[in-house]
Amino acid sequence: MNIGIVGLGLIGGSLALDFKAQGHQVFGVSRREDTCRQAIARGVVADASSHMNLMAAAEVVFICTPIAAIVPTVTQLIPHLAPTAVVTDVGSVKAPIVQSVSQLWANFVGGHPMSGTAEQGLAAAQPNLFVGNPYVLTPTTSTPDTAIQLVEALVRSLKSQIFFCRPEDHDRAVAWISHLPVMVSASLISACLSESDQTVLELAQSLASSGFRDSSRVGGGNPELGVMMAQHNRSAVLQSLQAYRHCLDHLISAIEQENWQALTTQFQQTQQARPKFVQ
Ligand code: NAP
């Protein structure tokens, strides 16, 4: 199959490596000429260019640019596409993208591979990045079955676990388990920095160990990603943050009132619930 990848970064490059290894003809378009040269030199793609006309022969195109660039990228791509070509994207937020792109190109299936590393760019691309991890597809009632089947088969070939859901449900679910944790973890670091006694702050920094490492990890990552989540999934992020604030208020009032029973009950409930999210 002729597969096009637009945006040869971590996700686009990793998809290209896996599809090429399966024997597909993989062509890449990226913004910078240097990225295209490196993609060819590293054998990530059969050919690469900064011009969309390389996508003319593609049967399916994966849009792997940053979220804000996905809709403009599809707009640039459309004049070069074969009428039967299927387009899919990998953006971490789905509802606004699916709504806009479906109106531009009917043969579109929204997607989100829930795999990644802390690194970015083509240099970070790696084979088998998607093995065993969730890959969410968000077709709508008007998405053609043929397009869904084609994207599903390719995602299955990556050995990902496929989940189908509505774009809005995807965005609400990732707000809880991906976007809220970033906001909470960043707030944890900010709260610690509010310690006004420099001696205590430095002592805390010296004593911080595995518990703090785990709970601060996602809040200490790439700032652009946190802003992207808030901007593009604004209403679901706000809803989850308000629920979180409500939980904090409960916690504060239980401690103020020395209501240790309420606190015990809450910690028992969260201890039981955690394995339903992660093993
Ligand atoms: P990335 O490593 O930065 O790759 C994106 C690539 O797109 C860049 O290498 C860049 O190529 C190109 N690009 C950047 N800005 C562009 C623009 N304005 N117009 C056109 N092309 C542009 O990012 P990524 O982590 O692969 O993320 C790509 C997409 O995957 C995003 O939509 C993100 O939401 C989604 N995603 C990411 C992860 C993750 O953990 N990273 C997980 C799941 C989904 P050049 O080098 O040519 O400039």
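Order of appearance sets the numbers: ligands from 1, and atoms from 1 within every ligand. Remember, predicted model here, so these are calculated numbers, not experimental data.
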Return the residue, atom name and 0.1 Å-rounded distance of the protein heavy atom closest to [atom].
| atom | answer |
| --- | --- |
| atom 40 (O) of ligand 1 | Gly116 CA, 3.5 Å |
| atom 21 (N) of ligand 1 | Thr65 CG2, 3.4 Å |
| atom 41 (N) of ligand 1 | Leu10 CD2, 3.5 Å |
| atom 27 (O) of ligand 1 | Ile11 CG1, 4.2 Å |
| atom 9 (O) of ligand 1 | Gly9 CA, 3.4 Å |
| atom 39 (C) of ligand 1 | Ser115 O, 4.0 Å |
| atom 30 (O) of ligand 1 | Val90 CG2, 3.4 Å |
| atom 28 (C) of ligand 1 | Cys64 O, 3.2 Å |

Numbering as shown, the atoms of ligand 1 that approach [X] to under 4.0 Å (heavy-atom distance):
| X | answer |
| --- | --- |
| Gly91 | 32 (O), 34 (O) |
| Leu8 | 9 (O) |
| Gly7 | 7 (O) |
| Gln120 | 2 (O), 3 (O) |

| Among Gly12, Gly28, Ser92, Ser30, whose heavy atom sits nearest atom 33 (C) of ligand 1? | Ser92

| Of the choices Gly121, Ala69, Pro113, which has the non-hydrogen atom that lies closest to atom 1 (P) of ligand 1? | Gly121

| said: Looking at Arg156 and Glu152, is any side-chain nitrogen of the basic one under 4.0 Å from a carboxylate oxygen of the acidic one? | reply: yes

| request: Answer yes or no: is there an ion pair linking Asp169 with Lys94, defined by an N-O contact shorter than 4.0 Å? | output: no

| field | Sub-4.5 Å side-chain heavy-atom contact between Val131 and Ser160 | value | no

| request: Measure the shortest side-chain to side-chain distance between Asp171 and His232 over non-hydrogen atoms and say whether it is less than 4.5 angstrom. | output: no

| Is the CD atom of Gln161 crowded by more than 12 outside heavy atoms at less than 6.0 Å? | yes

| So with a 6.0 Å cut-off around CZ of Arg234, is the heavy-atom count from everything else above 12? | no

| field | Polar atom proximity, Thr117 to ligand 1 (N or O, under 3.5 Å) | value | no

Answer with side chain, backbone, both or neither: which part of [X] has a heavy atom less than 4.0 angstrom from an atom of ligand 1?
| X | value |
| --- | --- |
| His112 | side chain |
| Pro66 | both |
| Thr35 | side chain |
| Asp89 | neither |

We want to know whether [X] and [Y] form a side-chain donor-acceptor pair, criterion being a heavy-atom distance below 3.5 angstrom.
| X | Y | result |
| --- | --- | --- |
| Gln99 | Gln103 | no |
| Thr143 | Thr140 | yes |
| Asp34 | Gln38 | yes |

| Stepwise side chain to side chain contact (heavy atoms under 4.5 Å, CB included) test for Val109 and Leu150 | CA-CA 10 Å; Val109 186; Leu150 188 149; over 6 Å; no

| task | For the pair Phe19 and Phe62, name the ring-plane relationship: parallel under 30°, tilted 30 to 60°, perpendicular over 60°. | result | tilted

| request: Using the six-membered ring wherever Trp is involved, compare the ring planes of Phe130 and Tyr135 and label them parallel, tilted or perpendicular (cut-offs 30° and 60°). | output: tilted

